[in-house]
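I have placed the structure first, in the form of structure tokens, so that the comments after it can refer back to it.
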Amino acid sequence: MGSKWRKAKLALGLNMCLYVPHQKLEDSSPSPSPSASASIKHHLDTANVSSRFSSDAVPLSPVSPSGNESRPTTPTPSSSGLRVSKSAPKSSKRTCSICLTSLKLGQRHAIFTAECSHSFHFQCIASNVKHGNQICPVCRAKWKEIPFQGPASDVPDGRSRINPADWPRDDTWTTSVRRLPSPRLDSTRHISSLFHASEPGTFDDDEALDQQQENLELNAIVKDASKKNSIGAIDVKTYPEVSAVPRANSRNNFAILIHLKAPYTSGGLNSRNQTIFTPTTQSSRALVDLVTVLDVSGSMAGTKIALLKRAMGFVIQHLGPSDRLSVIAFSSTARRLFPLRRMTETGRQEALQAVNSLTSNGGTNIAEGLRKGAKSIVDRKWKNPVGSIILLSDGQDSYTVTSPSGAHSRTDYKSLLPLSIQRNGGTGLRIPVHTFGFGADHDAASMHSISEISGGTFSFIEAEDVIQDAFAQCIGGLLSVVVQEACVKLECAHPNVLINSIKAGSYHTSVMADAKAGSIDVGDLYADEERDFLVTVNIPVDESCDEMSLLKVKCNYRDPISKEMMSLKENNEVKIRRATVVGQPIVSMEVDRQRNRLRAAEAMAEARAAAEHGDLTGAVSLLESCRRALSETISARDGDRLCVALCAELKEMQERMANRHVYESSGRAYVLSGLSSHSWQRATARGDSTDSTSLVQAYQTPTMTDMVTRSQTMLFGSPPQRKLRQAQSFPARPWPR
């Protein structure tokens, strides 16, 4: 009789689940049999189960709930069960290895203890296994039995379906523990097909753009043509080094600062802390085609890949319904999880489901991942105005690039990046690759080179738990592009004035052969983003005038909404006084600040070159000399916060060059992320943490700040004291002028 009863319970357990009503848990919980709770204990503290990054997509197999709310069905008897506990288990002081939060009861979480004795939040592990992952994230043991979440549509009493795009907080759940099927069944085939199914030869299967959104944009342009959809124009200001030069004197390398500031636009938040993409908001920025290229090699196992999934969930949640996303996963080879797809409700759900199915194994083939990422952008049939690639890796490419054998060897990292998306590749595409070096073992030199060649930025994620903040900052910028193809034109306004140099970091500049004209290719600008360029000219002697015009500055750019090329109606003309006698000149504080920034960046580059040649002592000496020079400038004597922060940054780099081990583990990446930020004047993540008393991050726009705050609020409930450190810690602009 007992054998028949066990068979009956087994049949029921494989096809049914436990439904837990909201406030009837204590009364409705059954007493488990001893055999059912022998190896797997499921502690339920409350029915309101919440997750840090679960997609809550529909599981592989549907499960029907019990017909009676207050009487759960019998769990699977074979060494597994569901038990309601009023006392904390022994593992309550541990943390969930997936979401890294406490496993204590009383926090409205379900706790699942596997047969290998490792414990997790039930929703976290259910999300991890429902796509076929049968291995413990901690010890890599293969499980015989797994937990999974039933479909929300099966919940009785007409309760609403759980929405994966809303980062669900629904308090109605169906849960079950299932015996794993044979490896020949669907769950194994699902994972296998993910990386081995055939792909089309051409990636032109991208989802069509939102025609309704395009019509809204066109209507907005027609209704408000005079204001150009209220985006506004770029603000251009110029600052000469000094306001007056004696008539009888000539000046070489006279500095002129050109300051650009993009117009500002903003969106709102809904009650679930998600971006509200109203027609007005979406029609005031350029829509995005984003391709994420993610490292899922063996070294990403455990916490790393769990944090990556959570960060990707944040990205998916905050893309608008007219933005499109594609995900490429790579290890020894690369696989496109899905083509460019609009992040509508359905698109988000499918994207979350695909990301949560990722597993880690194999080597690191960055080149193959980037090849498919570039192919997704180049082959697309439809195009949103902004196209970008995000690359994350925690290792070194072991297929295309080998490590240099000698200290003085140099590697051609261009081989990692397809020619089609290189800035000088001849295709005309502007597809920046924003790279993220994850942990201490990534190849910072290759990641920095990839970003530099493509026009992107390099971020160093030293502390693994800030990966979501780093991604948040990046998409905060990408989702706020208000200016495209910006170009600054320079023309000498006096026949004897000549352009000597244009200092613009990594931006492409050109000076005509006769030195009478030049240009700066600025490209895209995020909302409220600023750029500063220092132009030096040679000023001749002139006894005949009281005022001299030196330079005319023009700016052209494309409006991302109207798609029209715009030109500023008013030309900025830089003028200075020419007098017989000039008193003590007062140097422009704005010009002095930018000189200090450029001087610091040059010192960082020189120190990095010395360190790569093994001369750490010389590198530290270069940084210290620059720090002392900055402290003697007029802006430093005036207490300028930018100068103070630059000095602090140089000091930090000196400490990270204390010895070869420190430099190899973090110093190189720290310096390169700083150089990337300074050269592009764009925020990059440092990845370590700092307290709330630190100086406000530089180059970080309001939309970036807002997105990072949302990320931290989602993780901690309120912005924590820890802040994501940028590549520089000096104050956000505009600085006091």
What I want to check is whether the side chains of His678 and Tyr699 have a donor and an acceptor closer together than 3.5 Å.
yes
Ala255 to Arg595 - nearest heavy-atom pair and separation:
CB-NH2, 3.7 Å
Using side-chain heavy atoms (C-beta onward) and a distance below 4.5 Å, is Val242 in contact with Val587?
yes
Compare all side-chain heavy atoms of Met447 with those of Phe460 and state whether any distance is below 4.5 angstrom.
no
Would you say that Arg285 contacts Ser480 through its side chain, given a criterion of any heavy-atom pair below 4.5 Å between the two side chains?
no
Between Ser588 and Glu241, is any side-chain donor less than 3.5 angstrom from a side-chain acceptor?
no
Looking only at heavy atoms, the pair that brings Leu622 and Ala603 closest together is O-CB, 4.5 Å
Point-to-point distance, once rounded to the nearest 0.5 Å, from CE of Met704 to SG of Cys474
7.0 Å
What distance do Thr705 atom OG1 and Gln700 atom CD have between them, rounded to the nearest 0.5 Å?
3.5 Å
Trp680-Tyr507 aromatic ring centre distance below 6.0 Å
yes
Residue pair Ile461 / Val466: nearest heavy atoms and the distance that separates them
CG2-CG2, 4.0 Å
Does the ring center of Phe471 lie less than 6.0 Å from the ring center of Phe436?
yes
Are any non-hydrogen side-chain atoms of Asp542 and His494 less than 4.5 angstrom apart?
yes
Run the salt bridge (charged side-chain N to carboxylate O under 4.0 Å, His left out) test against Glu485 and tell me which residues pass, sequence neighbours left out.
Arg558
Quick one: does Thr536's side chain have a donor or acceptor within less than 3.5 Å of a partner on Asn253's backbone?
no
Before we go on, tell me: are the rings of His259 and Phe533 under 6.0 Å apart, centre to centre?
no
Donor-acceptor pair, Asp559 side chain versus Ile561 backbone, under 3.5 Å?
yes
Trace of the salt bridge (Lys or Arg N to Asp or Glu O under 4.0 Å) decision for Arg668 with Glu612
CA-CA 9 Å; Arg668 177 185 291 115; Glu612 294 299 328; 2.7 Å; yes
Just jot down the side chain to side chain contact (heavy atoms under 4.5 Å, CB included) partners of Asp524, sequence neighbours excluded, or say none.
Val481, Gln484
With no hydrogens and no angle check, just 3.5 Å: does a side-chain donor-acceptor pair link Ser567 and Asn556?
yes
Within the side chain of Arg247, is there an N or O that forms a donor-acceptor pair under 3.5 Å with the backbone of Cys545?
yes
Taking all atoms of both residues into account, what is the closest heavy-atom pair of Ala600 and Leu630, and its distance?
CB-CD1, 4.2 Å
Give the intermediate values and the outcome of side-chain contact (heavy atoms from CB on, under 4.5 Å) for residues Leu490 and Ile258.
CA-CA 10 Å; Leu490 309 174; Ile258 300 173; 3.3 Å; yes
Using the rule salt bridge (charged side-chain N to carboxylate O under 4.0 Å, His left out), only one of Arg531, Lys489, Arg430 pairs with Asp521; which is it?
Arg430
Side-chain heavy-atom pair Thr457, Ser673 within 4.5 angstrom cut-off:
no
For Val541 against Ser250, the heavy-atom pair lying closest together
CG2-N, 3.8 Å
CG-CD distance between Leu672 and Glu452, expressed to the nearest 0.5 angstrom
9.5 Å
Are more than 12 heavy atoms, taken from residues, nucleotides or ligands other than Arg577, located less than 6.0 Å from that residue's CZ atom?
no
So does Ser459 get a backbone contact from the side chain of Thr684, meaning a donor-acceptor N/O pair under 3.5 Å?
no
For the residue pair Gly456 and Ser676, what are the closest heavy atoms and their distance?
O-OG, 4.3 Å
Is there a donor-acceptor pair closer than 3.5 Å between any side-chain N or O of Lys237 and the backbone N or O of Lys261?
no
Going through the checks in order, is the side-chain contact (heavy atoms from CB on, under 4.5 Å) test met by Leu478 and His434?
CA-CA 10 Å; Leu478 293 175; His434 298 286; 4.0 Å; yes
In Å, rounded to the nearest 0.5 Å, how long is the span from NE2 of His442 to OG1 of Thr435?
8.0 Å
Report, as yes or no, whether the 6.0 Å neighbourhood of atom CE on Met565 holds more than 12 heavy atoms from other residues, nucleotides or ligands.
yes
Step by step, would you call Glu624 with Arg628 a salt bridge (Lys or Arg N to Asp or Glu O under 4.0 Å)?
CA-CA 6 Å; Glu624 177 62 20; Arg628 290 179 179 176; 3.0 Å; yes
Would you tell me whether Thr701 and Glu529 have side-chain atoms, one donor and one acceptor, within less than 3.5 Å of each other?
no
Look at the side chain of Gln712 and the backbone N and O of Asp469, then say whether any donor-acceptor pair between them is shorter than 3.5 Å.
no
Exam field: side chain Arg578 to backbone Val245, donor-acceptor pair closer than 3.5 Å
yes
Evaluate the side-chain proximity of Tyr557 to Cys487: yes if any heavy-atom separation is below 4.5 Å, no if none is.
no
Walk me through whether Tyr663 and Leu616 qualify under side-chain contact (heavy atoms from CB on, under 4.5 Å).
CA-CA 9 Å; Tyr663 179 72; Leu616 288 174; 4.2 Å; yes
N/O donor-acceptor pair under 3.5 Å between Ser454 side chain and Val433 backbone
yes
For the pair Ile499 and Ile502, evaluate side-chain contact (heavy atoms from CB on, under 4.5 Å) and give the outcome as yes or no after the intermediate values.
CA-CA 8 Å; Ile499 296 175; Ile502 303 175; 4.3 Å; yes
For the residue pair Leu290 and Asp323, establish whether any side-chain heavy-atom pair is separated by less than 4.5 Å.
no
Would you indicate whether Arg660, at its atom CZ, is surrounded by more than 12 heavy atoms from other residues, nucleotides or ligands within a distance under 6.0 Å?
yes
Keeping Asn500 on the side-chain end and Val537 on the backbone end, is there a donor-acceptor pair under 3.5 Å?
no
Which one of Asn496, Leu498, Asn252, Ile576 satisfies the side chain to side chain contact (heavy atoms under 4.5 Å, CB included) criterion with Ile539?
Ile576
Side-chain donor-acceptor pair under 3.5 Å between Ser666 and Arg656, yes or no?
yes
May I ask you to test the Arg710-His318 pair for a side-chain heavy-atom distance under 4.5 Å?
yes
Across all chains, not counting sequence neighbours, the salt bridge (charged side-chain N to carboxylate O under 4.0 Å, His left out) partners of Asp289 are Arg324, Arg380
Distance, nearest 0.5 Å, that separates CD1 of Ile389 from CD1 of Ile421:
4.0 Å
Out of curiosity, Ile256 CD1 to Phe254 CZ, how far, rounded to the nearest 0.5 Å?
6.0 Å
For Lys554, look at atom NZ and say whether over 12 heavy atoms of other residues, nucleotides or ligands are found less than 6.0 Å away.
no
Donor-acceptor pair, side chain of Ser677 and main chain of Arg682, under 3.5 angstrom:
yes
